[in-house]
Amino acid sequence: MSGLTVQGLNKTYRAGEERLHVLRDLSLRMTPGESLAVVGPSGSGKSTLLQILGTLDHPDSGTVEIGGTDPFVLSERRLAEFRNAKIGFVFQDHHLLPQLTVLENVLIPALAFGAAGAEDYARAEDLIERVGLSERVTHLPSQLSGGERERVAIARALFRDPVLILADEPTGNLDRRSAEKITDLLLELQRHSGAMLIAVTHSDSLAAAMGRRAELVDGQLVFADSAEGVAAAQEGSNP
Ligand code: ADP
Ligand code: MG
């Protein structure tokens with residue numbers, strides 16, 4: 001199975017005496033090349049879901065399978081390798097290292113497990129060209145605009161040709177025009193690579209550009225194209 005299968009995911013946080021049940025029996029299936037927009041109000045658990053799918057956090061219960069592998073049975077070391085090779089992250093606040101150049105930031109996934117070779121440099125330069133930053137290779141993040149920083153983050157996320165790209169409000173800090181350009185770029189690169197893309201967003205234009213759309217409601221994903229969604233839409237269109 002080369003897709004993503006999530007079954008019965010539960011996640012709670014302890015908040016003092018209380019237990020906050022953020023994800024409740026959440027299930028999801030995706031196949032390679034699919035894209036999904038996750039929407040929902042602040043605090044509904046969108047980032048929690050992405051953290052778990054990105055193997056940065058463990059669920060309380062439930063299973064995740066990415067490209068046929070259950071990441072949560074791996075040792076710490078193997079899990080780190082798995083994450084580096086299979087998952088690309090694009091965060092709202094880009095998480096670039098300020099002391100590294102654009103080129104070095106894109107090479108981080110190669111440097112994480114050894115030295116970067118000639119092939120790695122060629123791959124990084126190719127990605128930097130594809131995100132339109134060939135003139136900025138030696139710039140530091142502080143010397144870039146917000147949109148340019150996000151482009152670097154996208155190039156870095158794609159460096160290892162991941163099977164799953166996770167983007168948490170990738171255009172949240174950008175003006176509308178930059179946001180639309182970043183959206184187009186992300187989707188173009190995702191389609192080109194055949195990876196799955198899950199993007200959390202508050203942007204209707206980003207959500208509309210994605211293949212599927214789901215809202216996180218009471219800890220579960222409710223799809224806009226589900227039976228309930230279709231019924232609600234038909235009801236809404238009745239005179
Ligand atoms: P979203 O990304 O949709 O805004 P989050 O996944 O960040 O939501 O958070 C969901 C809920 O879980 C929020 O109420 C948040 O306060 C809570 N939460 C998130 N992380 C933690 C944590 N590490 N400890 C306790 N509560 C948390
Ligand atoms: Mg969030």
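One-based numbering, in listed order, for ligands and for the atoms of each.
- In this structure, the protein non-hydrogen atom closest to atom 7 (O) of ligand 1 is S47 CB, 3.7 Å.
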Subject >> Verdict with supporting geometry, K181 and E150, side-chain contact (heavy atoms from CB on, under 4.5 Å) >> reply: CA-CA 11 Å; K181 283 190 180 170; E150 217 52 42; over 6 Å; no
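- The protein atom (non-hydrogen) at minimum distance from atom 13 (C) of ligand 1 is G43 O, 3.8 Å.
- Between E119 and R123 there is no salt bridge, since no side-chain nitrogen of the basic residue lies less than 4.0 Å from a carboxylate oxygen of the acidic one.
- Protein heavy atom closest to atom 8 (O) of ligand 1, with residue, atom name and distance, is G45 N, 3.2 Å.
- At a 4.0 Å heavy-atom cut-off, ligand 1 touches V22 through the side chain alone.
- Of all the atoms in ligand 1, the ones that sit under 4.0 Å from a non-hydrogen atom of S42 are 4 (O).
- Looking at R151 and E148, no side-chain N of the basic residue comes within less than 4.0 Å of a carboxylate O on the acidic one, giving no salt bridge.
- Taking distance alone, with nitrogen or oxygen atoms compared against 3.5 Å, R14 stays at or beyond that limit from ligand 1.
- There is a protein heavy atom closer than 4.0 angstrom to atom 22 (C) of ligand 1.
- Nearest heavy atoms, Q99 versus E104: O-OE1, 4.4 Å.
- Under the 4.0 angstrom criterion for non-hydrogen atoms, S44 is in contact with ligand 1.
- Atom CZ of R19 has more than 12 neighbouring heavy atoms from other residues, nucleotides or ligands inside a 6.0 Å radius.
- The ligand atoms of ligand 1 that sit less than 4.0 angstrom from a heavy atom of P41 are 3 (O).
- Taking a 6.0 Å sphere around CG of D161, one finds it holds more than 12 heavy atoms contributed by other residues, nucleotides or ligands.
- Electrostatic pairing of R213 and D204 counts as a salt bridge here, judged by a charged N lying under 4.0 Å from a carboxylate O.
- Across F159 and A124, no two heavy atoms sit closer than the pair CE1-N, 3.8 Å.
- Of the polar atoms of L20, none of the N or O atoms is found under 3.5 Å from an N or O of ligand 1, judged by distance alone.
- Here the protein heavy atom with the shortest distance to atom 5 (P) of ligand 1 is T48 OG1, 3.7 Å.
- Not counting sequence neighbours, the partners of K11 by the side-chain hydrogen bond (donor to acceptor under 3.5 Å, both in side chains) test are D57.
- Of all protein N/O/S atoms, those under 2.8 Å from the Mg ion (ligand 2) are S47 OG, and waters are not counted.
- Counting heavy atoms from C-beta on, the side chains of R130 and L127 come closer than 4.5 Å.
- Looking only at heavy atoms of the protein, atom 19 (C) of ligand 1 is closest to Y13 CE1, 3.4 Å.
- One finds the CD1 atom of I66 at 4.0 Å from the CD1 atom of I87 (value rounded to the nearest 0.5 Å).
- Side-chain contact check for N173 versus R149: every heavy-atom pair is 4.5 Å or farther apart.
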